[in-house]
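A quick write-up on the structure given underneath.
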Amino acid sequence: MRIATWNVNSLTARLQHVLDWLAANPVDVLCLQELKLTDDKFPLDALAAAGYEAAVFGQKTYNGVAILSRAPVQDVVRNIVGFTDEHSRVISATIETPLGSARLVNGYFVNGQAPGTDKFDYKMRWLEALRDWLQKELQANPRLVLVGDFNIAPEDRDSFDPVGLRETIHHTTQERDHFRALLQLGLVDSFRLFDQPEKSYSWWDYRMLGYQKNRGLRIDHILVSQDLVPAVKACTIDRVPRKWAKPSDHAPVILEL
DNA sequence: ATGGTAGATCCTCTA
């Protein structure tokens, strides 16, 4: 089976891209971030016609996440449990995998703007709450997949300019410590289970020909719990839709189990 | 030191 994650930067603007991508890549589950629409505006019918059910946690203008699935999903939970958040950033559900049922957590992590800002402080509090919640989730669900736009480039090799961008947003020690804390919970970066091309990124700035120059970051990730590692067959980034007209600034990441 | 682009909403904010 295949599970994918894609920050679409407005589902209204990107619905046709999502439908075209699913037609070419009929994954079992697709997790979306940055819907930028409310639940009542979610294109349930168009996605149902493509063969997908949806669990949605929308928000006007900003944020918003959804889980699309060919098979029914169960026990949908919105937000980080125990953390009051005005933003719609996390949706989780139980899905079926080759190793049995698993918990799937889809997150649009806080961007954080720059160290020293209120938004960065929010990012740190959000990441602490996520870690504390996931620790409990993993105890209850040893099979767990954490996907989404993490807004963290975990290592220098995940950035086109790790020296010039040292300690700037996506690259700070504090953010990377938080990423490692997730790994210390028993999660594994599935992308790094395999040999990958150098300069593999999942996001490129729209500005200054970022994609054309491959000035990107790997900030979209799929982490799997230890119990799922033996089932992981591949993890890839699909750059194809980043080349389409009017693309999202992110590319989909695909996990094969 | 700044700007460049994109999306949604409103003429600015977020990324």
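In what follows, every chain begins at residue 1, and chains take the letters A, B, ... in the order their sequences are listed. The model shown is predicted, which means the values in this text are computed figures rather than measured ones.
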Length of the [atom1]-[atom2] vector between [X] and [N], whole Å:
X        : N      : atom1 : atom2 : answer
A:Arg207 : B:dA15 : CZ    : P     : 12 Å
A:Asp205 : B:dG7  : CG    : P     : 13 Å
A:Phe109 : B:dA15 : CZ    : P     : 15 Å
A:Leu11  : B:dG7  : CG    : C1'   : 13 Å
A:Gln33  : B:dG7  : CD    : P     : 17 Å
A:Lys41  : B:dG7  : NZ    : P     : 18 Å
A:Asn9   : B:dA15 : CG    : P     : 11 Å
A:Ile169 : B:dA15 : CD1   : P     : 10 Å

| said: Check this for me, if you would: do A:Asp156 and A:Arg176 make a salt bridge, where the nitrogen-to-carboxylate-oxygen distance has to be below 4.0 angstrom? | reply: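 A salt bridge links A:Asp156 with A:Arg176.
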
| task | May I ask you to say whether A:Asp189 pairs ionically with A:Arg180, meaning some side-chain N is under 4.0 Å from a carboxylate O? | result |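 Answer for the salt bridge query: no.
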
Distance between [atom1] atoms of [N] and [M] (Å, rounded):
N      : M      : atom1 : answer
B:dG7  : B:dT2  : P     : 27 Å
B:dC11 : B:dA1  : P     : 31 Å
B:dT9  : B:dC13 : P     : 16 Å
B:dA6  : B:dC10 : P     : 22 Å

Considering just the side-chain nitrogens and oxygens of [X], establish if one lies under 4.0 Å of OP1 or OP2 belonging to [N].
X        : N     : value
A:Lys246 : B:dG7 : yes
A:Arg14  : B:dG7 : yes
A:Lys60  : B:dA8 : no

| Side chain of A:Met208: nearest nucleotide among B:dG4, B:dA15, B:dA8? |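 So the side chain of A:Met208 is nearest to B:dG4.
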
| Nucleotide nearest A:Tyr206 when distance is taken to its side chain, options B:dG4, B:dA15, B:dT5 |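 Given the options B:dG4, B:dA15, B:dT5, the side chain of A:Tyr206 is closest to B:dT5.
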
| Picking from A:Ile237, A:Leu217, A:Val8, A:Asn7, what satisfies side-chain contact (heavy atoms from CB on, under 4.5 Å) with A:His250? |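 Exactly one pass, corresponding to A:Asn7.
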
| message | Considering every strand and a 4.0 Å limit on heavy-atom distances, what is the contact class for A:Tyr211: base, sugar-phosphate, or nothing? | response |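 Counting heavy atoms under 4.0 Å across all strands, no contact is made by A:Tyr211.
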
| request: Assign A:Arg215 to base, sugar-phosphate, or nothing according to its heavy-atom contacts below 4.0 angstrom with the strands shown. | output: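 Nothing, no heavy atom under 4.0 Å.
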
| Mapping A:Lys119 and A:Pro247 onto DNA chain B by nearest heavy atom, which one lands closer to the 5' end? |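 So the residue in question is A:Pro247.
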
| query | Of A:Gly112 and A:Thr12, whose nearest nucleotide on DNA chain B comes first from the 5' end? | reply |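 Residue closer to the 5' terminus by nearest nucleotide: A:Thr12.
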
| query | Taking all non-hydrogen atoms of both residues, which atom of A:Phe150 and which atom of A:Leu182 are closest, and how far apart? | reply |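 That would be CE2-CD1, 4.0 Å.
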
| message | Suppose we call two aromatic rings close when their centres sit under 6.0 Å apart. Are A:Trp21 and A:Trp6 close by that rule? | response |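 Yes, ring centres under 6.0 Å apart.
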
| field | Ring-ring centroid check A:His87 A:Tyr108, cutoff 6.0 Å | value |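 Between A:Tyr108 and A:His87, which both carry aromatic rings, the centre distance is not below 6.0 Å.
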
